[in-house]
Amino acid sequence: MKAMKRVAAVAALVSATGLAVAHGDDSHRDRPPVPAVKEQQPWGIAGDAKTVTRTIEVRMLDTMRFSPERIDIREGETVRFIHRNDGKVLHEFVLGTKQALDKHAELMMKFPDMEHDEPHMIHVRPGKAGDMVWTFNRAGEFDFACLIPGHYQAGMVGKVKVLPK
């Protein structure tokens, strides 16, 4: 919930000042990674690379699809996602609940140049790869999506099923 409040605060700042770093601004994505803030989310928490138990490659396609579109994980697993953008346009991977993704997608439609940098989100430029480490410490069904305006609406979504221990 705190992450969504930060997104809303950034959106209000963008609206009030007109200041934002666009998704296309390479200086944002090319800066060195900062340590992830470990904030519990309904779908898990930022993981520690030292505790990775599994690596999953997710391809991002310009057909507005992910491959795979469904991922099964065991509760307690720490996963390293390797995101490969096989397309010619910027894509992103955002973990969340359907409700959180819908809300964030709505903000992205209003503020497409909004910068956000949460540990459950990653932007990947065309032809590049990026990784994310996440600990799935809660069972349930969760979602992932590319929230770049038009991509989410075209169906660039997927599901994560976290099976109980």
Side-chain angles (χ1 to χ4, degrees), residues 3-4 7 23-26 28-105 107-109 112 114-164:
M4 288 308 299
V7 169
H23 282 107
D25 185 326
D26 288 336
H28 166 62
R29 281 185 306 282
D30 291 340
R31 68 179 178 227
V34 294
V37 175
K38 293 193 175 199
E39 180 181 320
Q40 181 66 53
Q41 301 291 337
W43 54 92
I45 192 166
D48 183 345
K50 296 176 201 156
T51 64
V52 168
T53 55
R54 185 168 158 205
T55 299
I56 299 173
E57 182 174 291
V58 178
R59 294 175 46 233
M60 303 165 157
L61 310 168
D62 285 350
T63 56
M64 300 304 141
R65 295 294 181 261
F66 290 101
S67 179
E69 292 181 348
R70 182 174 173 88
I71 301 168
D72 290 333
I73 294 172
R74 281 263 174 228
E75 182 181 3
E77 276 192 278
T78 297
V79 175
R80 176 184 310 280
F81 288 102
I82 298 175
H83 303 92
R84 296 201 187 283
N85 184 342
D86 291 342
K88 296 184 191 290
V89 299
L90 176 70
H91 289 296
E92 66 180 11
F93 179 96
V94 182
L95 279 169
T97 61
K98 176 81 166 100
Q99 181 183 14
L101 294 175
D102 285 347
K103 194 179 245 184
H104 192 140
L107 280 172
M108 291 293 294
M109 291 296 284
M114 177 175 60
E115 178 182 332
H116 49 268
D117 196 11
E118 299 287 338
H120 58 276
M121 304 175 184
I122 186 167
H123 293 93
V124 185
R125 291 183 291 159
K128 301 291 181 184
D131 70 333
M132 167 193 303
V133 177
W134 195 257
T135 299
F136 291 90
N137 59 5
R138 297 192 173 166
E141 284 205 359
F142 306 104
D143 298 274
F144 58 90
C146 178
L147 299 180
I148 292 174
H151 297 206
Y152 186 59
Q153 295 77 7
M156 196 165 183
V157 299
K159 287 268 186 206
V160 174
K161 183 172 186 176
V162 182
L163 305 166

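Note that the structure is predicted; figures quoted are calculated from it, not measured.
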[atom1]-[atom2] distance between [X] and [Y], expressed to the nearest 0.5 angstrom:
{"X": "His151", "Y": "Cys146", "atom1": "NE2", "atom2": "SG", "result": "5.0 Å"}
{"X": "Asp143", "Y": "Gln99", "atom1": "CG", "atom2": "CD", "result": "11.0 Å"}
{"X": "Ile148", "Y": "His123", "atom1": "CD1", "atom2": "NE2", "result": "5.5 Å"}
{"X": "Ile122", "Y": "Phe81", "atom1": "CD1", "atom2": "CZ", "result": "11.0 Å"}

key: Carboxylate-amine/guanidinium contact Lys88 Asp62, below 4.0 Å   =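 Here Lys88 does not pair with Asp62 in a salt bridge, since their nearest N and O are not under 4.0 Å apart.
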
Heavy-atom side-chain proximity of [X] to [Y] below 4.5 angstrom:
{"X": "Phe66", "Y": "Met60", "value": "yes"}
{"X": "Val124", "Y": "Phe93", "value": "no"}
{"X": "Asn85", "Y": "Lys128", "value": "no"}

ask   = Which pairs pass side-chain hydrogen bond (donor to acceptor under 3.5 Å, both in side chains) with one or both residues in residues 67-76, sequence neighbours excluded?
value =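 Sorted pair list comes back empty.
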
ask   = Are more than 12 heavy atoms from other residues, nucleotides or ligands located less than 6.0 Å from atom CD of Gln153?
value =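 Enclosed: over 12 neighbouring heavy atoms sit under 6.0 Å from CD of Gln153.
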
key: N/O donor-acceptor pair under 3.5 Å between Glu57 side chain and Ile82 backbone   =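 Here the side-chain-to-backbone pair does not exist.
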
query = Asp86 side chain to Arg59 main-chain N or O, any donor-acceptor pair under 3.5 Å?
reply =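 Between the backbone of Arg59 and the side chain of Asp86 there is no qualifying donor-acceptor contact (under 3.5 Å).
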
Using a 3.5 Å cut-off and no angle test, enumerate the donor-acceptor pairs between side-chain atoms of residues 130-137 and protein atoms at least two apart in sequence or in another chain.
unit_1, atom_1, unit_2, atom_2, d
Asp131, OD2, Arg80, NH1, 2.7
Trp134, NE1, Trp43, O, 3.1
Thr135, OG1, Thr78, OG1, 2.8
Asn137, OD1, Gln40, NE2, 3.1
Asn137, ND2, Gln40, OE1, 2.9

ask   = Got a sec, which residues hit side chain to side chain donor-acceptor pair (under 3.5 Å) with Asp102, two or more places apart in sequence or on another chain?
value =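 Partners of Asp102 by the side chain to side chain donor-acceptor pair (under 3.5 Å) criterion, ordered by chain and then number, come out as Lys98, Tyr152.
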
Identify the two heavy atoms, one from [X] and one from [Y], that lie closest to each other, and give their separation to 0.1 Å.
{"X": "Val160", "Y": "Ile73", "answer": "CG1-CD1, 3.8 Å"}
{"X": "Leu61", "Y": "His91", "answer": "O-NE2, 3.5 Å"}
{"X": "Gly87", "Y": "Pro126", "answer": "O-CB, 3.4 Å"}
{"X": "Leu147", "Y": "Met108", "answer": "O-CB, 3.5 Å"}

request  = Show your working on side-chain contact (heavy atoms from CB on, under 4.5 Å) between Phe144 and Ile71 and close with a plain yes or no.
outcome  = CA-CA 10 Å; Phe144 58 90; Ile71 301 168; 4.0 Å; yes

task = Please assess Glu141 against Lys159 for the test side-chain contact (heavy atoms from CB on, under 4.5 Å), listing each intermediate value before the final yes or no.
result = CA-CA 7 Å; Glu141 284 205 359; Lys159 287 268 186 206; 4.1 Å; yes

